[in-house]
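Only this structure's heavy atoms are used, side chains among them; waters, hydrogens and symmetry mates stay out. Naming: A, B, ... by sequence-line order, numbering from 1 per chain.
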Amino acid sequence: MIDQRLLRNNPALIEEGLKARGMDIDLAPLQKHCKALKELEEKRNILQSQGNSIGKEVGKKIKQGISPNSEEISNLRIKGNQIKQEVGLIEEEEKSINTRLNDQILCLPNLPEKDSIQGKNEKDNKEIRRWGEPFSRKNLKEHWEIANKLNLWDSERSALIAKSRFVTLFNQAAKLERSLISFMLDLHVKKGYQEVLPPALVNTASLKGSGQLPKFAEESFRCADDDLWLTPTAEVPLTSLHRGEIIPKELLPLKYVAYSPCFRREAGSYGRDTRGLIRLHQFNKVELYWFSNPINSREALDQITSDAESVLQQLELPYRVIELCTGDLGFSAKKTYDLEVWLPGANAYREISSCSNCGDFQARRSSIRTKDNNKKNVLLHTLNGSGLAIGRTMAAILENGQQSDGSINLPKALIPYFGSSKLKPE
RNA sequence: GGAGAGGUGGCUGAGUGGUCGAAAGCGAACGACUCGAAAUCGUUUGAUAGCUUCAACUAUCCGUGGGUUCGAAUCCCACCCUCUCCGCCA
């Protein structure tokens with residue numbers, strides 16, 4: 001959420017940030033609402049102050065022995081009632097302005113970091129570095145072709161159980177999925193992350209707090225009879241883990257790693273990535289999340305990114321790091337690095353992790369603070385990064401490990417978890 | 001789902017209509033004592049917004065939202081959450 005003070009005092013700065021994202025929004029009406037709200041509040045404060053002193057006066061007089069039914073006191077009562085009525089009117093007006101204002105402010109995305117790459121869309125993103133040799137050969141299969149041969153999963157039966165864009169893993173694939181989750185959790189715990197297994201259902205306040213609501217309601221599955229949604233990413237429950245708290249700065253950064261299933265409606269992506277593990281309504285993910293001191297969240301982003309990278313390195317999967325331009329940033333992010341893994345079967349790099357610094361955007365929505373050096377409460381910064389998306393990792397392992405005999409060589413790091421160095425045709 | 005108890009400041013906990021933003025204790029900060037520390041003594045110590053460099057001041061906040069009243073932490077209504085017992089259940 002954007003700071004209302006900034007909106008009141010310097011809307012041009014916000015407009016500039018939004019423009020960088022490709023949004024041309026005139027904030028003057030919003031600013032007007034903001035200012036009107038402050039004026040009303042001031043007016044109300046004065047009235048309330050008068051009302052308070054009348055209340056005190058009545059109390060004093062009654063204590064002094066003056067009859068509650070005396071003319072003096074009933075005059076004060078009348079005055080008190082008048083004030084109450086006026087305050088009521090103002091409050092009504094404030095409420096209506098406030099709900100309108102809030103709805104709009106909650107729909108404004110975060111402002112990009114000042115020195116970000118300016119650009120319109122993913123074409124303007126910038127490759128930062130590469131790791132590993134992307135290999136290529138003739139007759140390489142895409143991961144779903146491999147899966148068919150090895151009998152790894154079944155999409156038709158999944159549609160029978162649920163609908164399209166769900167997958168049911170069998171045998172070696174089911175075990176590989178489980179192995180990947182454990183491997184990634186262990187790796188991050190070794191690096192100092194606290195392991196968390198959060199609820200898979202989250203309430204509306206949590207989704208608002210991390211930025212998925214109110215704007216992206218159509219992206220999440222909602223439970224009909226409860227104020228609960230299926231979590232689209234562990235980022236949501238992890239943000240709300242400390243909602244409303246003031247975290248002592250000695251504890252920062254707080255680093256969490258969480259496995260969770262993720263559920264997304266993928267509205268508007270009909271026909272895209274319809275085969276394989278790339279785009280599903282339900283997928284598993286290991287998520288990294290930091291609550292950072294605001295003064296060093298920039299370095300924190302580098303660290304969380306390199307923690308995510310280390311998974312790919314351990315798995316011997318070639319990848320590249322992309323810095324997103326302003327036009328391609330997600331709603332809550334100030335700055336984002338995407339990790340793209342090499343898929344030789346598809347002959348392309350595909351996103352497998354997204355690491356973002358959200359600055360104080362989520363912290364303001366969720367009211368998560370710490371103390372600065374002057375012991376003042378200040379909003380802290382939050383960061384998140386996939387470490388990694390499990391399904392896409394499996395796809396990458398299948399495509400990168402494929403052998404001419406139809407088997408799949410697994411990365412060494414996985415052997416202790418999977419119990420074998422190969423996937424074999426059954 | 002049914003019955004009961006309860007939700008107060010960083011924590012414990014008092015407060016059932018009128019200087020209550022809230023006693024007391026703990027914790028924390030500062031000062032004194034000390035070579036230093038502990039103990040002791042003294043002072044200070046909630047949040048947000050507005051005004052303001054600071055201070056002072058004003059408003060709001062005692063689970064949430066309504067209501068009664070000149071005045072609500074305190075009374076009334078609804079909801080949420082926690083705990084205990086019962087039912088159900090992996």
Side-chain angles (χ1 to χ4, degrees), chain A residues 1-10 30-99 101-102 105 197-209 223-229 237 240-252 254 261 291 294 360 363-380:
Chain A
M1 187 162 59
I2 280 171
D3 191 356
Q4 281 208 32
R5 236 170 305 186
L6 191 61
L7 179 58
R8 240 176 349 203
N9 303 326
N10 200 350
L30 276 189
Q31 188 194 23
K32 221 156 131 201
H33 280 144
C34 237
K35 288 194 162 160
L37 216 49
K38 275 285 158 250
E39 275 165 33
L40 284 170
E41 192 186 334
E42 208 170 308
K43 225 158 105 187
R44 175 171 51 83
N45 282 353
I46 292 166
L47 284 170
Q48 281 174 322
S49 167
Q50 287 170 2
N52 287 344
S53 46
I54 286 173
K56 277 182 189 158
E57 218 178 317
V58 172
K60 226 183 257 172
K61 298 213 162 165
I62 289 174
K63 234 180 197 172
Q64 278 166 13
I66 295 170
S67 159
N69 299 321
S70 67
E71 197 178 331
E72 198 180 352
I73 285 183
S74 55
N75 277 340
L76 285 171
R77 280 195 182 144
I78 290 166
K79 219 164 152 193
N81 269 326
Q82 280 169 354
I83 290 174
K84 199 166 30 166
Q85 220 165 34
E86 282 180 67
V87 168
L89 286 175
I90 293 177
E91 276 178 341
E92 234 168 82
E93 205 179 338
E94 279 181 296
K95 218 181 223 173
S96 89
I97 294 178
N98 204 18
T99 46
L101 185 66
N102 237 331
I105 289 182
L197 190 61
L201 269 61
V202 295
N203 57 33
T204 299
S206 295
L207 282 162
K208 261 193 191 151
C223 299
D225 296 327
D226 299 280
D227 176 31
L228 289 170
W229 307 64
S240 278
L241 203 55
H242 292 294
R243 182 145 46 87
E245 280 184 43
I246 299 171
I247 302 174
K249 69 171 192 280
E250 298 75 40
L251 297 181
L252 300 179
L254 271 179
F291 295 88
D360 63 13
R364 182 172 291 107
R365 286 170 165 252
S366 300
S367 181
I368 310 172
R369 293 170 294 173
T370 186
K371 304 257 184 202
D372 69 9
N373 289 330
N374 301 319
K375 292 177 185 169
K376 281 238 168 176
N377 291 338
V378 290
L379 295 168
L380 49 69

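Heavy atoms of A/Lys95 sit under 4.0 angstrom from primed sugar atoms or phosphate atoms, though from no base atom. Heavy atoms of A/Lys60 sit nowhere under 4.0 angstrom from any nucleic acid atom. Using a 4.0 Å heavy-atom cutoff across all strands shown, A/Ile83 reaches no nucleic acid atom at all. Nucleic acid contact class of A/Glu57 (heavy atoms, under 4.0 Å, all strands): none.
Applying the salt bridge (Lys or Arg N to Asp or Glu O under 4.0 Å) definition to pairs two or more places apart or across chains, none involves residues 79-93 of chain A.
Protein chain A contacts RNA chain B from B/G18 to B/G71, reading 5' to 3' and using non-hydrogen atoms of the protein with a distance under 4.0 Å.
What you find for A/Ile54 and A/Leu76 is that their closest heavy atoms are CG2-O, 3.6 Å. Between A/Leu7 and A/Cys34, the shortest heavy-atom contact is CD2-SG, 3.9 Å.
Nucleotides B/A23 and B/G31 have their C1' atoms positioned 26 Å apart, rounded to a whole Å. Distance noted for atom P between B/U8 and B/A14: 11 Å (whole Å). The separation of B/C83 from B/A28, taken at their P atoms, amounts to 29 Å, rounded to a whole angstrom.
For RNA chain B, the stems formed by at least three consecutive Watson-Crick or G-U pairs, with both atom-pair distances below 3.5 Å, span B:1-7 with B:80-86, B:10-12 with B:24-26, B:27-32 with B:40-45, B:46-50 with B:57-61, B:63-67 with B:75-79.
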